Amino acid sequence: MPTSEVAVARDRPDPLVRAESIVAGYGPSVVVKDVSISAGAGEIVTVVGPNGSGKSTLLKTLAGLVAARGGHIWHGGVDVAALPAEARARRGIAYLPQEREVFASLTVRENLLMGGYALNRRALKAALERVHATYPVLGSLGRTPAGRLSGGERKTVAMARVMMSSPSVVLLDEPTANLAPMPTAQLLEQDVPALAAAGVAVVLVEQRAVQAIAISDWVYVLVGGAVELQGPAADIAARGDIGAVFLGARGQPEETTP
């Protein structure tokens, strides 16, 4: 990392989640290779890179959906790399997948209740009030099956469900996938910054790299399963060689899932 980036890195908030030297993959294939990243309270940290560079696998490893073959994942001073996904969720690490982000057969209200399943009655009521205040549209959708919603509405429900448990870390995997321009702008320009403004550490994997970098504090560029470049978002956006960094990954194998 260049010296200037090291100096700026010292001004970042203390990390709420920190991954060190993570190695992960599927079967005999190693997809993530010695990757270290971190995100602090109120930060939007975006991971960008070409298809097949390991972005989604990295996020799933942080969430506990893919086992880490090496390295550490620190959260609240505890190495959670060996904990299952449910235990990490209870600790405050929330994950929003790219697909199947809602329970399609359940109503909107039931989806929200699933997000607050571990809360007592008083906390659940407070959480429902909080997410309804943040996303007023939920009030008119409460009894609607989530499977009947538009893509933008499903993402809103998914974001609200994630926030029901008041997580400290939110991992967003391609949240704008298949969204029209208007809900995409809503999510990236309003919803994600609102999470950070509430003190949440946001780790965002996003193919809309320019739009994602524009709202971010820190950026990691993943190429071939490794961090090729990192730094303050403004510095990354100002570089003239980002296209070359992306193109340098041509020929890398696509991520494969079991």
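Quick caveat: nothing in here was measured; it's all calculated off a predicted structure. For the single chain, residues carry numbers from 1 onward in sequence order.
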If you take all heavy atoms of [X] and [Y], which pair is closest and at what distance?
{"X": "L179", "Y": "P175", "result": "CD1-O, 3.6 Å"}
{"X": "V31", "Y": "G54", "result": "CG1-CA, 3.6 Å"}
{"X": "S216", "Y": "A233", "result": "O-CB, 3.1 Å"}
{"X": "A226", "Y": "V35", "result": "CA-CG2, 4.1 Å"}
{"X": "A146", "Y": "V102", "result": "CB-CG2, 3.9 Å"}
{"X": "R88", "Y": "T61", "result": "NH1-O, 2.7 Å"}

- Query: Would you say R18's side chain and W74's backbone share a donor-acceptor pair under 3.5 angstrom?
  - Reply: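 Not confirmed, R18 side chain does not pair with W74 backbone.
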- Query: So, K55 side chain and P50 main chain: donor-acceptor pair closer than 3.5 Å or not?
  - Reply: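 Pair found, side chain donor or acceptor close to backbone of P50.
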Within a radius of less than 6.0 Å around [atom1] of [X], do more than 12 heavy atoms belonging to other residues, nucleotides or ligands occur?
{"X": "R130", "atom1": "CZ", "result": "yes"}
{"X": "D14", "atom1": "CG", "result": "no"}
{"X": "R69", "atom1": "CZ", "result": "yes"}

In the single-linkage hydrophobic clustering (I, L, V, M, F, W, Y; side-chain heavy atoms under 4.5 Å), do [X] and [Y] co-cluster?
{"X": "F103", "Y": "L112", "result": "no"}
{"X": "V203", "Y": "V192", "result": "no"}
{"X": "L62", "Y": "L16", "result": "yes"}
{"X": "L83", "Y": "I93", "result": "yes"}
{"X": "L188", "Y": "I236", "result": "no"}

- Message: Could you tell me if Q98 and N178 have a donor-acceptor pair between their side chains, going purely by distance under 3.5 Å?
- Response: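 Side-chain D/A pair, N178 to Q98: absent.
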- Item | Donor-acceptor side-chain pairing of E206 and T176 below 3.5 angstrom |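 Yes.
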Less than 4.5 Å apart, side chain to side chain, heavy atoms only: is that true for [X] and [Y]?
{"X": "V200", "Y": "M163", "answer": "yes"}
{"X": "R12", "Y": "E43", "answer": "yes"}
{"X": "T156", "Y": "Q186", "answer": "no"}
{"X": "V219", "Y": "V48", "answer": "yes"}
{"X": "D173", "Y": "K60", "answer": "yes"}
{"X": "Q207", "Y": "N51", "answer": "yes"}
{"X": "M159", "Y": "L172", "answer": "yes"}
{"X": "L222", "Y": "V227", "answer": "yes"}

State the [atom1]-[atom2] distance between [X] and [Y], to the nearest 0.5 angstrom.
{"X": "R208", "Y": "I213", "atom1": "CZ", "atom2": "CD1", "value": "14.0 Å"}
{"X": "Y220", "Y": "S38", "atom1": "OH", "atom2": "OG", "value": "4.0 Å"}
{"X": "R161", "Y": "L113", "atom1": "CZ", "atom2": "CG", "value": "11.5 Å"}
{"X": "Y95", "Y": "L171", "atom1": "OH", "atom2": "CG", "value": "8.0 Å"}
{"X": "L138", "Y": "E153", "atom1": "CG", "atom2": "CD", "value": "9.5 Å"}
{"X": "Q230", "Y": "I37", "atom1": "CD", "atom2": "CD1", "value": "9.5 Å"}

- Message: Would I22 and I73 count as a side chain to side chain contact (heavy atoms under 4.5 Å, CB included) here? Give the steps.
- Response: CA-CA 8 Å; I22 292 297; I73 301 171; 3.5 Å; yes
- Apply side chain to side chain contact (heavy atoms under 4.5 Å, CB included) to the pair M164 and L124, showing each step before the final yes or no. CA-CA 8 Å; M164 283 290 294; L124 181 61; 3.6 Å; yes
